[in-house]
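So the structure is just underneath, and the comments pick up after that.
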Amino acid sequence: MTTRKPSFSFEFFPPKTPAGMEKLRTTRKQLAQLRPEFFSVTYGAGGTTRDRTLETVLEIQAEGFEAAPHLSCIGATPDSLRELLDDYRQRGITRIVALRGDLPSGMVETGEFRYAADLVAFIRREYGNQFRLEIAAYPETHPEARSARDGLINFKRKADAGADSAITQYFYNADAYFHFVDECEALGVALPIIPGIMPIYNYTQLARFSDACGAEIPRWMRKKLEDYGDDDLPSIHAFGLDVVTALCDKLLRHGAPGLHFYTLNQSAIVSTLWQRLGLR
Ligand code: FAD
């Protein structure tokens, strides 16, 4: 693992409404005080949030912070990607979270970019090193991978296509992460793999996300969260803060090269985590 200064970053989704944009500005103001390395902004697969992602990224840049748009390639063409990437370059965007994405319902054509590795290779071929590229990693195995081994080999392929670093899907079992990092190292994958951290906001939402993305909520946590139910948010938040603080602390103590927080456009829980971890 790395001895470089840890990298901390915060992820947002692009709001749909002016009220959501305003709320995100307030969230950003609070999180900006923590001086993250960068903020990232998600992208609806198939380009559904293209304009809102860019608008949010530009606002963040104008506030003096680095902002990385996520970019999913499923359904894209070389021309549509060139148009977008040229625009990004002109606007001074230098970091991208490069993804395959999932097909939006009703869309059946994947296009010629079937995997994120195709996108990484395309950007490196056409743009050289003009963009820093982050890719997604799955310590608990991506739900579509035929096996854990296959998922790992596919991850290596994507890293070898020219990625600079990786951000993981969230997990609550630190051993899954350490094991994945060890396996990557054994395969010669040398890029930093930053744990993605999902604070616990409410149980129903977390269970829905986890079912969709294959991130495991350990049974003991699920049982505790079920006991609280969604009506008892203070208890859920207190429990979630204890669990996630312990997870982050363990990850950092054992050499994780940083943390990427899935903020869901909220600042309070992440700020409390930050204080509890004693991060600067
Ligand atoms: P890939 O790396 O292409 O992998 C997808 C699947 O294909 C995996 O099962 C992999 O094992 C398999 N695979 C890869 N290459 C091959 C091959 N050559 N042959 C056979 N199988 C192969 N989604 C969004 O829509 N918007 C976002 O903004 C977004 N942000 C994300 C941020 C992070 C940090 C993470 C972890 C995920 C994010 N996602 C986002 C979700 C992501 O798009 C999905 O998990 C998607 O299903 C896979 O994307 P990927 O880039 O990991 O795909």
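In each ligand, atom 1 is the first atom listed, and ligand 1 is the first ligand listed. Keep in mind that the numbers below use all heavy atoms, side chains included, and drop hydrogens, waters and symmetry copies. These numbers come from a predicted model, not from an experiment.
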Cation-aromatic face contact R28/F39, 6.0 Å, 45 degrees:
no
Could you pull out all donor-acceptor pairs under 3.5 Å where a side-chain atom in residues 194-205 meets a protein atom, sequence neighbours excluded?
{"unit_1": "Y201", "atom_1": "OH", "unit_2": "Y262", "atom_2": "O", "d": "3.1"}
{"unit_1": "Y201", "atom_1": "OH", "unit_2": "T263", "atom_2": "O", "d": "2.9"}
{"unit_1": "N202", "atom_1": "OD1", "unit_2": "T204", "atom_2": "N", "d": "3.2"}
{"unit_1": "N202", "atom_1": "OD1", "unit_2": "Q205", "atom_2": "N", "d": "2.9"}
{"unit_1": "Y203", "atom_1": "OH", "unit_2": "R222", "atom_2": "NH1", "d": "3.3"}
{"unit_1": "Y203", "atom_1": "OH", "unit_2": "E226", "atom_2": "OE2", "d": "3.4"}
{"unit_1": "T204", "atom_1": "OG1", "unit_2": "D230", "atom_2": "OD2", "d": "2.0"}

Which protein residues have a heavy atom closer than 4.0 Å to any atom of ligand 1, listed by chain and number?
T42, Y43, A45, H70, L99, R100, G101, D102, Y115, A116, A136, Y138, H142, E144, A145, G151, N154, R157, K158, I167, T168, Q169, Y262
Tell me whether the rings of F171 and Y177 are parallel (<30°), tilted (30 to 60°) or perpendicular (>60°).
parallel
Partner of Y127 under side-chain contact (heavy atoms from CB on, under 4.5 Å), chosen from D86, L81, L133
D86
Counting heavy atoms not belonging to R219, are there more than 12 under 6.0 Å from its CZ?
no
Rounded to the nearest 0.5 Å, how far apart are OG of S147 and CG of N154?
8.5 Å
